[in-house]
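Remember, it's a predicted structure, so these values are computed and weren't measured experimentally.
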Amino acid sequence: YYVAKELLTTERTYVKDLHLLSRTTSQSEGNDVSKVFSALYQLHAAFLEELEYRVKHWEGRQTRLGDLLLGLLDQLNEALGVYRETTASVEALVQSGCPMGGVDPVVRLLRYRMLMARFVSLYGDSVTGYSGCVRALDALAESVGGLLEPLSNALRLAELQRELLGLDGPLLAAGRYLLREGCLSRVGRSKSPQNRLVFLFNDCLLYSGKGVSSSNQFRIHGCYPLRSLRLSRSDLGFTVEVDDKTTTFVASCPREGDAWFADLTAALEAVVSDAERPLPLATATNGRTARKSCESLGPPDEEEGGSLATSSATDNLLNPNSSLHVCWTRGLSLTYTDYYKSAVNQISGFLLRKFKNTHGWQKLWVVFANFSLYFFKGHQEDVPLASLPLLGYKVSLPGPDDNIRGDHDYVFKLFYKTHVYFFRVESEYTFSRWMACLSSCTSPS
């Protein structure tokens, strides 16, 4: 029942995402991406309606999921046409202005496969429609699964192109991949440390600072081509040298410093062994500062880490909870693997929430996506009441000092500095699923 309920709750969120994608992606001649999302929305909305009915009338019908999912998969064969050809699909989705949610149809197939495997582990191969469902899922996953990595990378590069000011050339180029992004302190010879957002690609190292603009965007300060870069280790970070210009970057903790140095070392080794690499950005000429007029913006404001009200879930440029801004304020970094984990570990459902110094529990519809928790009154709501970015948070069981009553089972704790939240779920299965998903983007406790 709880496996089926997870399928239901995540399908509710997915249908809303498809509806949003169908409205926000642009339509142009020869680009039918918006129509594809509209068709997917219609299919999944009908699937959701039947799924709602079956879960509501679950008693005695626990094996009737495979046939329902098989019927959906038969129709998805045609609807997923835009995801068949990797190169054409990436180009079409990027040109439509599609956000990172453009990978959701591919990720959703992986989620169906995972949930069906759990379902069958409980009831065996006798589940109605199981064999046909598995065959259909495997065929679809094989036909579109190769798109996940290149599409995720291309959509992220397109997002960065929109979010960063001062780029003289396109970020999105054939063969360019984002390896790591995050906040480091840049130490110059005669200046105090300045916080910078740093982006490591497989052909260049780019860094930016927070610009003073109404759009809350970051402005490019410099970009070094990896081919002419020399690297050495420093305390909590690394030093790069290009054309006799030396710059030291320092991380917020040893773990971050080790991760940056390891990824940069691997990228440099790959550049040496691979003669075919995309050209550096136009701003990277001789590795010199791209925008000299935008020097030093000082350290970031202290981040509160609490639940922030939001009026728009789609405006990343003005959203202080976007991954760029959270990395900036908390001194963290992200890799492609982190984005992949975030995509495949999305979950949603009703939770009971309690703050550290309160006694009552509040029932909320909670969506975990994009490294954040989004809180709604109910699953029909379009705009969240608040959101909580989880990068840097830790998840654990409540301790003796947390004063959680013994009769409250299935409670987990999220905390960052002085910010503490408790959440309750309804079953052991649901508890294990939320803990597993949240652990994918939180720090070890």
Derivation of the side-chain contact (heavy atoms from CB on, under 4.5 Å) call for L205 and V198: CA-CA 7 Å; L205 182 72; V198 182; 3.5 Å; yes
Looking at [X] and [Y], would you say the former's side chain and the latter's main chain have a donor-acceptor pair under 3.5 Å?
X: S440; Y: N345; value: no
X: S252; Y: G331; value: yes
X: N153; Y: L178; value: yes

Residue among R162, R156, Q161 satisfying side-chain hydrogen bond (donor to acceptor under 3.5 Å, both in side chains) with E159: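 When side-chain hydrogen bond (donor to acceptor under 3.5 Å, both in side chains) is applied between E159 and each of R162, R156, Q161, only R156 qualifies.
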Residue among D338, D263, T337 satisfying side-chain hydrogen bond (donor to acceptor under 3.5 Å, both in side chains) with R180: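 Answer to the side-chain hydrogen bond (donor to acceptor under 3.5 Å, both in side chains) test with R180 among D338, D263, T337: D263.
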Full working for side-chain hydrogen bond (donor to acceptor under 3.5 Å, both in side chains) between S22 and S34: CA-CA 5 Å; S22 68; S34 182; 5.9 Å; no
Point-to-point distance, once rounded to the nearest 0.5 Å, from [atom1] of [X] to [atom2] of [Y]:
X: R196; Y: R186; atom1: CZ; atom2: CZ; answer: 6.5 Å
X: N357; Y: K354; atom1: CG; atom2: NZ; answer: 8.0 Å
X: L160; Y: L155; atom1: CG; atom2: CG; answer: 11.0 Å

Would you say the side chains of [X] and [Y] form a donor-acceptor pair under 3.5 Å?
X: Y2; Y: E428; answer: no
X: Y339; Y: S323; answer: yes
X: S322; Y: H325; answer: yes
X: S372; Y: S387; answer: no

Side chain to side chain contact (heavy atoms under 4.5 Å, CB included) partner of L200, the single match among L179, L206, T335: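 The option that passes is L179.
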Criterion side-chain contact (heavy atoms from CB on, under 4.5 Å) on L324 and E163, from CA distance to verdict: CA-CA 9 Å; L324 278 184; E163 291 177 344; 2.8 Å; yes
Parallel, tilted or perpendicular, as decided by the 30° and 60° cut-offs, for the rings of Y224 and Y207: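 Ring orientation of Y207 relative to Y224: tilted.
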Whether F431 and F412 hold their rings parallel, tilted or perpendicular, with breakpoints at 30° and 60°: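 The arrangement is tilted - the two ring planes meet at 30° to 60°.
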Which donor-acceptor pairs under 3.5 Å do side chains of residues 98-112 form with protein atoms, sequence neighbours excluded?
| from | atom 1 | to | atom 2 | distance (Å) |
| --- | --- | --- | --- | --- |
| R108 | NE | E11 | OE1 | 3.1 |
| R108 | NH1 | T10 | OG1 | 3.2 |
| R108 | NH2 | L7 | O | 3.4 |
| R108 | NH2 | T10 | OG1 | 3.1 |
| R108 | NH2 | E11 | OE1 | 2.7 |
| R111 | NH1 | Q346 | O | 2.9 |
| R111 | NH2 | V344 | O | 2.9 |
| R111 | NH2 | Q346 | O | 2.6 |
| Y112 | OH | E11 | OE1 | 2.8 |
| Y112 | OH | E11 | OE2 | 3.2 |
| Y112 | OH | H44 | ND1 | 3.2 |

Atom CZ of F350 with >12 non-hydrogen neighbours under 6.0 angstrom: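 Atom CZ in F350 is packed in, count exceeds 12.
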Considering all heavy atoms, the nearest L43-L72 contact: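 Looking at all heavy atoms of both residues, the closest pair is O-CD1, 4.1 Å.
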Considering all heavy atoms, the nearest L391-C441 contact: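 Taking L391 first and C441 second, the nearest heavy atoms are CD2-O, 3.9 Å.
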Salt bridge (Lys or Arg N to Asp or Glu O under 4.0 Å) against R233, all qualifying residues, sequence neighbours excluded: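 Result, salt bridge (Lys or Arg N to Asp or Glu O under 4.0 Å) vs R233: D258.
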W328-F218 aromatic ring centre distance below 6.0 Å: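 Ring centres of F218 and W328 closer than 6.0 Å.
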Proximity of Y421 and F415 rings by center, below 6.0 Å: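 Here the rings of F415 and Y421 have centres that are no less than 6.0 Å from each other.
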Cation-aromatic face contact R23/F37, 6.0 Å, 45 degrees: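 Output no; distance or angle outside limits.
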L229 side chain near L231 side chain, heavy-atom distance below 4.5 Å: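 The answer is yes, as the side chains (C-beta and beyond) meet within the 4.5 Å cut-off.
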